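Given the structure is predicted, the values throughout are model-derived calculations rather than measurements. Each chain gets a letter, A, B and so on, in the order the sequences are listed, and its residues count up from 1.
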Number of protein chains: 2
Amino acid sequence: MDQVQLFNDYLRCKGLKTTSQRLIILETFLDSDCHFSTEELYLKLRTEYPKIGYATVHRTLKLFAECGIAAERNFGDGQARYEPIHGEEHHDHLVCTECGLILEFEEPQIEKLQESVAAAHNFTIDNHRLELYGLCASCAATAN
Amino acid sequence: MDQVQLFNDYLRCKGLKTTSQRLIILETFLDSDCHFSTEELYLKLRTEYPKIGYATVHRTLKLFAECGIAAERNFGDGQARYEPIHGEEHHDHLVCTECGLILEFEEPQIEKLQESVAAAHNFTIDNHRLELYGLCASCAATAN
DNA sequence: CGCGAAATTGAAAACGATTTTCAGAAAAAT
DNA sequence: ATTTTTCTGAAAATCGTTTTCAATTTCGCG
Ligand SMILES: [Zn+2]
Ligand SMILES: [Zn+2]
Ligand SMILES: [Zn+2]
Ligand SMILES: [Zn+2]
């Protein structure tokens with residue numbers, strides 16, 4: 001299903017309202033498919049829509065996460081990030097600690113091993129986070 | 001090597017001073033081997049040593065992390081946690097989102113797969129975090 | 001020992017990201 | 001159109017963390 005449709009349905013079923021701000025934020029968020037902090041998205045929006053406030057961006061991103069349009073991430077730089085979920089598979093992240101580059105990966109074998117670890121401890125897993133921090137190829141080259 | 005010795009050596013080589021507060025905090029930290037937030041350790045210390053301030057606990061935990069006596073963790077509850085490293089192997093965590101129980105595990109196969117993922121993307125890994133969130137056995141039983 | 005330079009301490013203030021408040025504006029229901 | 005409800009944006013509040021600063025403590029040196 002279309003993301004905008006999905007969002008509108010969510011708003012309706014929760015008794016919330018469709019507003020121009022929410023649609024603008026959604027569009028901008030989906031358009032540039034990356035790992036936005038609230039601040040970053042706010043700044044990007046501000047160039048074209050200076051009237052939209054920070055608080056609205058924040059509240060709207062939370063809404064996206066709530067209705068499954070976005071995933072909240074935290075890469076340890078002290079600010080939450082949100083990325084669009086286009087119905088794709090789950091993925092984990094490689095993060096360059098030098099330049100901030102974020103790569104995504106999927107490793108089914110790791111996912112499977114996580115399950116068996118959880119089972120061995122009688123845990124029921126709801127979700128997990130796996131992040132590999134280090135240097136990307138170009139930062140490693142520059143660093144010598 | 002003894003942890004206290006290691007700490008004293010670190011202080012000396014950095015031109016820092018050995019103080020009663022630092023030794024008390026270290027002892028308390030090592031004694032109860034768990035994943036302390038600054039607040040938790042501060043409160044625990046306060047019962048026996050009401051004079052020790054929060055800032056000192058905070059600064060001392062940072063020191064521990066610096067010299068390799070402690071590892072800083074973050075389990076997504078909005079506050080940093082520190083756990084003693086007794087020279088053991090690296091481990092990852094299972095976190096119960098209901099009761100806060102934290103279990104530790106090691107899975108060499110996962111570690112190995114992480115390496116190969118990084119290699120495939122030309123990343124050099126410095127460190128990583130893997131946390132599995134869900135319900136522990138007893139919380140799962142209670143929840144029905 | 002005691003002195004003095006240098007580091008440490010604790011209370012309070014500053015900080016930065018996030019969240020809430022509130023009065024006016026906008027959207028949906030009637 | 002009127003009423004009700006939600007939303008918005010600016011500003012304030014919050015929360016964990018970090019810094020400031022004057023008073024205290026440590027420690028090398030005479
Ligand atoms: Zn995964
Ligand atoms: Zn991603
Ligand atoms: Zn690991
Ligand atoms: Zn641990």
Completion exercise
Rounded to whole Å, CG of A:D77 lies from P of C:dG16 at a distance of 15 Å
Problem - Backbone of B:H58 reached by a side-chain donor or acceptor of B:T38 within 3.5 Å - result: no
Practice task
Hey, which sits more toward the 5' end of DNA chain C by its nearest nucleotide, B:Y42 or B:L11?
Solution key: B:L11
Handout entry: Protein-nucleotide distance (A:K51, atom NZ; C:dA25, atom P), rounded to Å
Key = 13 Å
Exercise for the section: Send over the distance from A:L45 CG to D:dT8 C1', rounded to a whole Å. Expected result: 14 Å
Fill in the blank from the handout: By nearest-heavy-atom nucleotide on DNA chain D, the more 5' of B:T38 and B:L16 is B:T38
Problem - Under 4.0 angstrom between B:T19 side-chain N/O and C:dT9 OP1 or OP2 - result: yes
Completion exercise
Testing C:dG10, D:dA11, D:dT17 for proximity to the side chain of B:T56, the answer is C:dG10
Completion exercise
Considering only heavy side-chain atoms of A:R22, the closest of D:dT17, D:dT8, C:dG10 is D:dT8
Completion exercise
Between CZ of A:R46 and P of D:dG9 the distance, given in whole Å, is 13 Å
Practice task
Give a yes or no on whether the ring-centroid distance for B:Y82 and B:F64 is below 6.0 angstrom.
Solution key: no
Exercise for the section: Give a yes/no answer on whether the side chain of A:Q21 brings an N or O atom under 4.0 Å of OP1 or OP2 in D:dG9. Expected result: yes
Exercise for the section: Mark yes or no for a side-chain to base donor-acceptor pair under 3.5 Å between B:R59 and D:dT20, with no hydrogen or angle criteria applied. Expected result: yes
Completion exercise
Regarding the side chain of B:A55, the nearest nucleotide among C:dT9, C:dT18, C:dA11 is C:dA11
Handout entry: Salt bridge present between B:R81 and B:E83 (N-O < 4.0 angstrom)
Key = no
Problem - Nucleotide of C:dG10, D:dT17, C:dT19 approaching B:I52 most closely (side-chain heavy atoms) - result: C:dG10
Handout entry: Residue-phosphate contact under 4.0 Å: B:Y54 side-chain N/O, D:dT17 OP1/OP2
Key = yes
Exercise for the section: Record whether the side chain of A:K17 comes under 3.5 Å of the base of C:dA26 through a donor-acceptor pair of N or O atoms. Expected result: no
Practice task
Report, as yes or no, whether the 6.0 Å neighbourhood of atom CD on A:E98 holds more than 12 heavy atoms from other residues, nucleotides or ligands.
Solution key: no
Practice task
For B:S37, answer base if it contacts any base atom (sugar-phosphate contacts may also be present), sugar-phosphate if it contacts only those atoms, and nothing otherwise; contact means non-hydrogen atoms under 4.0 Å.
Solution key: nothing
Practice task
Would you indicate what B:E39 reaches in the nucleic acid, counting non-hydrogen atoms under 4.0 angstrom: base, sugar-phosphate, or nothing?
Solution key: nothing
Handout entry: Spacing between A:F75 atom CZ and C:dA17 atom C1', to the nearest angstrom
Key = 17 Å
Practice task
May I ask you to evaluate whether B:H58 reaches the phosphate of D:dT18, defined as a side-chain N or O under 4.0 Å from OP1 or OP2?
Solution key: yes
Exercise for the section: State whether a side-chain donor-acceptor pair under 3.5 Å links B:E66 with B:Y10. Expected result: yes
Practice task
Just call it for A:K62: base, sugar-phosphate, or nothing, with non-hydrogen atoms closer than 4.0 Å on any strand.
Solution key: sugar-phosphate
